[in-house]
Amino acid sequence: MKKAITIALCAVLAAACASKAPAPSAGADGGAKEKFVVGYSQSNNAEPYRAQLNLQLQHFLEKYPDIELLPIADARQSSATQVSQVQNFITQKVDALIVSPTEPAPLTAAVQQACDAKIPVIVLDRTVNTDCYTAFIGGDNVLIGKKAGEEAVRLLPDGGKIVELRGITSNQPQIDRDKGFREAIAANPKIEIIADREGKWLKEQATPIMQQWLAQHPQIDLVYAHNDPMALGAYLAAQAAGRADKIKFVGIDGLAIPDGGIRAVQLGQLSATFVYPTGAQEAADTVNKILHGQPVEKQQVLGTTQVTKDNAADLYKQFDLSGQS
């Protein structure tokens with residue numbers, strides 16, 4: 001009985017520690033601070049998903065006039081650059097730090113340094129190999145991969161040949177999206193992945209890869225891409241080769257922008273995509289709570305929604321921020 005009580009008490013204490021935010025910074029006179037400064041290191045602004053995340057974060061932080069977001073630092077897919085950016089923010093003594101890691105391992109020590117400097121850290125979208133951060137906000141990539149795989153099974157009831165466009169192979173979302181997808185398509189042993197390549201999350205990388213696959217494989221029934229830009233890059237290659245109408249295209253991201261996945265489903269270019277939430281609103285709300293000494297959830301895992309022709313128009317309206325000031 002004592003053992004059970006001890007375990008329960010430890011669990012309660014662990015939960016309390018996980019959700020406790022650092023005390024708010026004090027001003028020079030010892031009173032409440034009038035302005036908080038937040039640094040954000042983004043893994044790669046060139047990806048449409050990340051460009052949209054940046055815009056949304058700036059939009060949602062406008063609700064909090066006492067928070068200043070410094071110019072967003074673009075790591076351009078370089079972990080070394082991103083480590084330097086994080087260390088620079090630490091040197092500047094920002095009040096809070098947001099990081100979307102390019103890769104987990106190289107960023108771990110830098111996040112730990114921020115933690116040691118008593119700077120609260122929000123890890124946004126991609127993980128690091130330490131739990132010394134204040135909050136993680138991101139989607140469940142294994143789940144999204146499974147959903148994409150289940151859709152592939154539905155689209156190919158009699159089996160078929162699939163090609164897979166991966167993100168950067170060292171990125172955890174790529175690993176998880178591949179894992180979930182392969183687990184799901186195992187339900188139909190007649191479905192086969194005949195080729196997979198790293199497309200680095202970029203449309204311009206995906207198009208020539210798909211051109212090569214089309215030349216090598218007379219039969220391709222479905223393209224599974226780890227994000228919508230790569231799916232659309234593959235679609236353009238197939239369209240140019242006159243084979244787009246014979247292939248299904250499934251992506252991930254579901255951005256409500258003119259050249260995003262939701263619109264592509266509406267236009268019939270993608271058979272389906274899955275909303276991968278940016279977490280921008282949650283990040284803005286969380287950093288505000290942290291800076292004002294309010295408790296936050298340490299692990300904030302966001303859900304997903306499948307985009308189909310039936311719900312695409314409604315989802316576009318729901319997530320479109322272009323008309324908002």
Side-chain angles (χ1 to χ4, degrees), residues 42 44-60 100 124-125 137-141 143-152 154-155 164-165 167 173-174 176-177 180-181 184 199 201-207 210 222-239 244-245 247-284 301-325:
Q42 175 62 275
N44 183 26
N45 288 352
E47 297 170 34
Y49 171 85
R50 303 200 169 277
Q52 189 68 6
L53 193 166
N54 294 349
L55 291 173
Q56 290 184 10
L57 183 63
Q58 291 165 337
H59 168 80
F60 289 117
S100 292
L124 184 56
D125 174 45
I137 301 170
D140 185 336
N141 284 291
L143 174 63
I144 291 175
K146 284 182 179 178
K147 295 287 187 183
E150 290 166 359
E151 179 62 11
R154 190 190 71 79
L155 291 169
E164 179 181 7
L165 284 159
Q174 180 279 139
D176 292 344
R177 290 177 188 186
F181 184 81
W201 306 108
L202 301 175
K203 185 177 184 178
E204 56 268 29
Q205 293 272 347
T207 299
M210 186 63 182
L222 185 142
V223 174
Y224 167 49
H226 290 192
N227 71 353
D228 293 335
M230 292 192 297
L232 289 168
Y235 173 83
L236 290 175
Q239 186 182 47
D245 61 339
I247 302 173
K248 307 293 186 183
F249 299 84
V250 176
I252 293 171
D253 277 353
L255 294 179
I257 56 177
D259 58 349
I262 297 178
R263 186 72 77 211
V265 171
Q266 287 180 293
L267 296 173
Q269 296 168 334
L270 301 186
S271 298
T273 187
F274 296 82
V275 174
Y276 186 63
T278 65
Q281 182 168 4
E282 291 81 1
V301 180
L302 310 177
T304 186
T305 302
Q306 181 171 342
V307 181
T308 66
K309 276 205 167 183
D310 292 336
N311 67 6
D314 289 338
L315 288 174
Y316 197 98
K317 290 178 184 177
Q318 178 182 340
F319 293 112
D320 181 20
L321 294 179
S322 61
Q324 299 187 33
S325 58

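This one's a predicted model, so the numbers in the text were calculated from it and none came from an experiment. The figures that follow rest on heavy atoms only: side chains count, while hydrogens, waters and symmetry mates do not.
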- Message: According to side-chain contact (heavy atoms from CB on, under 4.5 Å), who are the partners of Q58, at least two apart in sequence or on a separate chain?
- Response: L55, L69, I72
- Task: On the 0 to 90° scale, with breaks at 30° and 60°, tag the H226-W201 ring pair as parallel, tilted or perpendicular.
- Result: tilted
- Note on the structure: Closest non-hydrogen atoms of M230 and A206, given as atom of the first, atom of the second and distance, are O-CB, 3.4 Å
- Between atom CG of L255 and atom CG of D320, what is the distance when rounded to the nearest 0.5 Å? 11.0 Å
- Item | Nearest-0.5 Å distance that lies between atom NZ in K203 and atom CG in L236 | 5.0 Å
- Task: Could you tell me which residues satisfy salt bridge (charged side-chain N to carboxylate O under 4.0 Å, His left out) with K248, sequence neighbours excluded, listed by chain and number?
- Result: none
- Task: Tell me, with the steps shown, if Q306 and E151 meet side-chain hydrogen bond (donor to acceptor under 3.5 Å, both in side chains).
- Result: CA-CA 9 Å; Q306 181 171 342; E151 179 62 11; 3.0 Å; yes
- Task: Apply side-chain contact (heavy atoms from CB on, under 4.5 Å) to L143 and V301, showing your working.
- Result: CA-CA 11 Å; L143 174 63; V301 180; over 6 Å; no
- Between the CG atom in L165 and the CG atom in L202, the distance rounded to the nearest 0.5 Å is 11.5 Å
- Message: Looking at L124, is its backbone amide N or carbonyl O close enough to the side chain of S100 to form a donor-acceptor pair, meaning the two atoms are under 3.5 Å apart?
- Response: yes
- Item | Close side-chain approach of E47 to N44, heavy-atom, < 4.5 Å | yes
- For the side chain of T304 and the backbone of I144, is there at least one donor-acceptor N/O pair under 3.5 Å apart? no
- Minimum side-chain heavy-atom gap Q52-L57 below 4.5 Å: no
- Message: Quick check: closest heavy atoms across A51 and N45, and the distance to 0.1 Å?
- Response: CB-O, 3.7 Å
Kindly list each side-chain donor-acceptor pair under 3.5 angstrom involving residues 269-277, sequence neighbours excluded, with atom names and distances?
unit_1: T273; atom_1: OG1; unit_2: D228; atom_2: OD1; d: 2.6
unit_1: T273; atom_1: OG1; unit_2: D228; atom_2: OD2; d: 3.1
unit_1: T273; atom_1: OG1; unit_2: G251; atom_2: O; d: 3.3
unit_1: T273; atom_1: OG1; unit_2: I252; atom_2: N; d: 3.3
unit_1: Y276; atom_1: OH; unit_2: D125; atom_2: OD1; d: 2.3
unit_1: Y276; atom_1: OH; unit_2: N141; atom_2: ND2; d: 3.2

- Message: Can you tell me how far apart CG (L155) and CZ (F249) are? Round to the nearest 0.5 Å.
- Response: 12.0 Å
- side chain to side chain donor-acceptor pair (under 3.5 Å) involving T308 - partner list, sequence neighbours excluded: N311
- Going through the checks in order, is the side-chain contact (heavy atoms from CB on, under 4.5 Å) test met by L315 and T305? CA-CA 9 Å; L315 288 174; T305 302; 4.0 Å; yes
- Shortest non-hydrogen contact between A238 and M210, atoms and distance: CB-CE, 4.4 Å
- Message: As an exercise, state the distance from OH of Y224 to CZ of R177, rounded to the nearest 0.5 Å.
- Response: 7.0 Å
- Task: State, with a plain yes or no, whether a side-chain heavy atom of N227 is found less than 4.5 Å away from one of Y49.
- Result: no
- Task: With side-chain contact (heavy atoms from CB on, under 4.5 Å) as the test, would you mind laying out the steps for F60 and E282 before giving the verdict?
- Result: CA-CA 9 Å; F60 289 117; E282 291 81 1; over 6 Å; no
- Message: One pair to check against side-chain contact (heavy atoms from CB on, under 4.5 Å): V250 and V223. What are the steps and the verdict?
- Response: CA-CA 6 Å; V250 176; V223 174; over 6 Å; no
- Task: Name all residues meeting the salt bridge (charged side-chain N to carboxylate O under 4.0 Å, His left out) criterion together with E164; count only those two or more places apart in sequence or in a different chain, and write none if there are none.
- Result: R182
Determine all donor-acceptor pairs shorter than 3.5 Å in which one atom belongs to a side chain in residues 257-267; sequence neighbours excluded.
unit_1: R263; atom_1: NH1; unit_2: Q266; atom_2: OE1; d: 2.7
unit_1: R263; atom_1: NH2; unit_2: Y316; atom_2: OH; d: 3.4

- Note on the structure: All heavy atoms of A280 vs all of Q56, minimum pair found to be CB-CB, 3.5 Å
